[in-house]
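Notes for the one structure printed next.
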Amino acid sequence: MQKIYSDAKSALEGLLFDGMHICAGGFGLCGIPERLIDAIRDNGVKDLTIASNNAGIDGEGLGKLLRTRQVKKMISSYVGENKEFERQYLAGELEVEFCPQGTLAERCRAGGAGIPGFYTKTGVGTQVAEGKEHKDFANKDGVNETYILERGIFADLCIVKGWKADKAGNLIFRKTARNFNAPMATAGKVCVAEVEEIVEVGELDPDAIHLPSIYVKRLISGAPYGKKIEFKTVREAA
């Protein structure tokens, strides 16, 4: 099976459609699938529901898709550093489903494992729990504690960013860029990955593989990449 494509546009060919649900890896601007996001923007597909820890910043990451009004709904745990996100949400132009970070990661992991839902204490008694099923379970001391039901997430498409991959599609993530990429990669019908380097099969240590090739359907090399940061804080000159 041919997995390696020449660029992001060809890797996404035949996968994009209006109203689709996408899981996107990354945390802030760390480990985001930049080339694939650009290709989605250029395609013009709209009314997207995107599950991601956040929506990048203005003009970077998923912020590019907000700027072009291609996103209908965000399922996110952090929405700071993005004025356009804030503006669209407050104006009623963007639907937002807030989800605690750990719960979001577990929802994607559950979706990838075929688990339709799970109970968690996170969010009980807050707005996060509104409209969700509540259930009491006895703890180790026999005292009932309340949990809420969270649904697994399973998308039409997953887009992730890795560090290295072999030609079979086995992936390694680099340090904190691993973040949401691994659970997101399993939570969809098709996973498309971009990496900084593609090597021959056998060159990667099998014990170092973070994402097995069975999850990766399409793969591109997106290098070279810049090292973008969300914002700078510098001290005043002495």
Side-chain angles (χ1 to χ4, degrees), residues 7-12 15-16 20-91 93-99 101 104-105 108 155 157-164 171 173-185 187-188 191-197 218-234:
D7 54 34
K9 179 181 178 181
S10 60
L12 292 172
L15 300 178
L16 302 178
M20 70 184 303
H21 188 162
I22 298 174
C23 280
F27 189 103
L29 298 182
C30 178
I32 61 172
E34 301 175 40
R35 307 292 180 252
L36 295 169
I37 290 172
D38 286 346
I40 292 171
R41 176 199 60 194
D42 296 343
N43 178 275
V45 65
K46 61 183 184 297
D47 293 330
L48 302 174
T49 294
I50 301 181
S52 177
N53 177 68
N54 62 294
I57 61 175
D58 293 298
E60 295 292 346
L62 293 173
K64 294 180 178 180
L65 301 183
L66 289 175
R67 185 171 57 186
T68 53
R69 305 296 186 87
Q70 290 172 258
V71 183
K72 179 182 69 175
K73 177 180 178 179
M74 286 295 307
I75 304 174
S76 298
S77 63
Y78 178 66
V79 297
E81 323 305 336
N82 194 318
K83 294 298 182 183
E84 182 59 18
F85 189 118
E86 178 184 356
R87 191 202 65 75
Q88 289 186 26
Y89 174 63
L90 293 177
E93 301 169 1
L94 176 68
E95 184 179 350
V96 178
E97 181 180 335
F98 287 107
C99 185
Q101 282 184 350
L104 179 60
C108 292
L157 171 69
C158 307
I159 54 173
V160 299
K161 161 76 185 307
W163 177 39
K164 289 185 179 182
L171 258 66
F173 301 105
R174 188 171 188 272
K175 298 184 177 180
T176 57
R178 186 173 179 178
N179 52 58
F180 275 82
N181 277 295
M184 291 291 188
C191 174
V192 181
E194 61 179 85
V195 294
E196 298 183 28
E197 182 182 0
R218 302 184 182 186
L219 177 68
I220 67 164
S221 172
Y225 289 93
K227 300 298 182 184
K228 299 174 182 178
I229 59 174
E230 295 179 55
F231 58 88
K232 296 179 182 179
T233 302
V234 296

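Every value quoted in this text rests on a predicted model; they were computed, and no experiment measured them. Just the heavy atoms: all of them, side chains too, but no hydrogens, waters or symmetry mates, feed the values below.
- Using a cut-off of 4.0 Å between Lys/Arg side-chain N and Asp/Glu carboxylate O, K73 and E97 are scored as salt-bridged.
- Closest approach of A193 to L171, counting heavy atoms only: CB-CD2, 3.8 Å.
- Cation-pi geometry between K161 and Y225 is satisfied (NZ or CZ under 6.0 Å from the ring centre, within 45° of the ring normal).
- When each of I50, T49, L48 is tested with M20 by the rule side chain to side chain contact (heavy atoms under 4.5 Å, CB included), just one qualifies, namely L48.
- Among the candidates D42, D58, D38, the single residue satisfying the side chain to side chain donor-acceptor pair (under 3.5 Å) test with K64 is D38.
- To the nearest 0.5 Å, the span separating CZ on R41 from CG on L36 amounts to 12.5 Å.
- A donor-acceptor contact closer than 3.5 angstrom is absent between the side chains of Y89 and E84.
- Interatomic distance, SG of C158 versus NE2 of H21, reported as 8.5 Å (0.5 Å rounding).
- Taking both residues in full, the closest heavy atoms of L29 and G56 are given as CD2-CA, 4.3 Å, listed atom of the first, atom of the second, then distance.
- Atom CD of Q101 and atom OH of Y78 lie 10.0 Å apart (nearest 0.5 Å).
- Remark: the backbone N or O of E93 is not paired with any side-chain donor or acceptor of Q88 at under 3.5 angstrom.
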Query raised in the report: Checking side chain to side chain contact (heavy atoms under 4.5 Å, CB included) for the pair F27/F180: CA distance, chi angles, key distance, verdict?
Result: CA-CA 7 Å; F27 189 103; F180 275 82; 4.0 Å; yes

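- Here the side chain of R35 pairs no donor or acceptor atom with the backbone of A8 at under 3.5 angstrom.
- The main-chain N or O of E34 is never found under 3.5 Å from a side-chain atom of E60 such that the two would form a donor-acceptor pair.
- When all heavy atoms of K9 and A39 are compared, the pair lying nearest together is N-CB, 4.0 Å.
- Among I32, I75, L62, I159, the single residue meeting the side chain to side chain contact (heavy atoms under 4.5 Å, CB included) criterion with S52 is L62.
- Checked by atom type and distance alone, the side chain of R218 never pairs as donor or acceptor with a backbone atom of V192 at under 3.5 Å.
- Going from atom CG of L65 over to atom NZ of K72 covers 15.0 Å, rounded to the nearest 0.5 Å.
- The line from CZ of F85 to CG of L94 is 5.5 Å long, rounded to the nearest 0.5 Å.
- Nearest heavy atom pair, residue N53 against residue S77, reads OD1-OG, 2.5 Å.
- Scanning all heavy atoms of the two residues, the minimum distance from G61 to I37 falls at O-CG2, 3.5 Å.
- The CZ atom of R174 lies 9.5 Å from the SG atom of C30; values are rounded to the nearest 0.5 Å.
- A donor-acceptor contact closer than 3.5 angstrom is absent between the side chains of N54 and S76.
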Report task. Output, in order, the C-alpha distance, side-chain angles, deciding distance and verdict of side chain to side chain contact (heavy atoms under 4.5 Å, CB included) for V195 and I220. Result -> CA-CA 6 Å; V195 294; I220 67 164; over 6 Å; no

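- Between C191 and A185, the shortest heavy-atom contact is CB-O, 3.5 Å.
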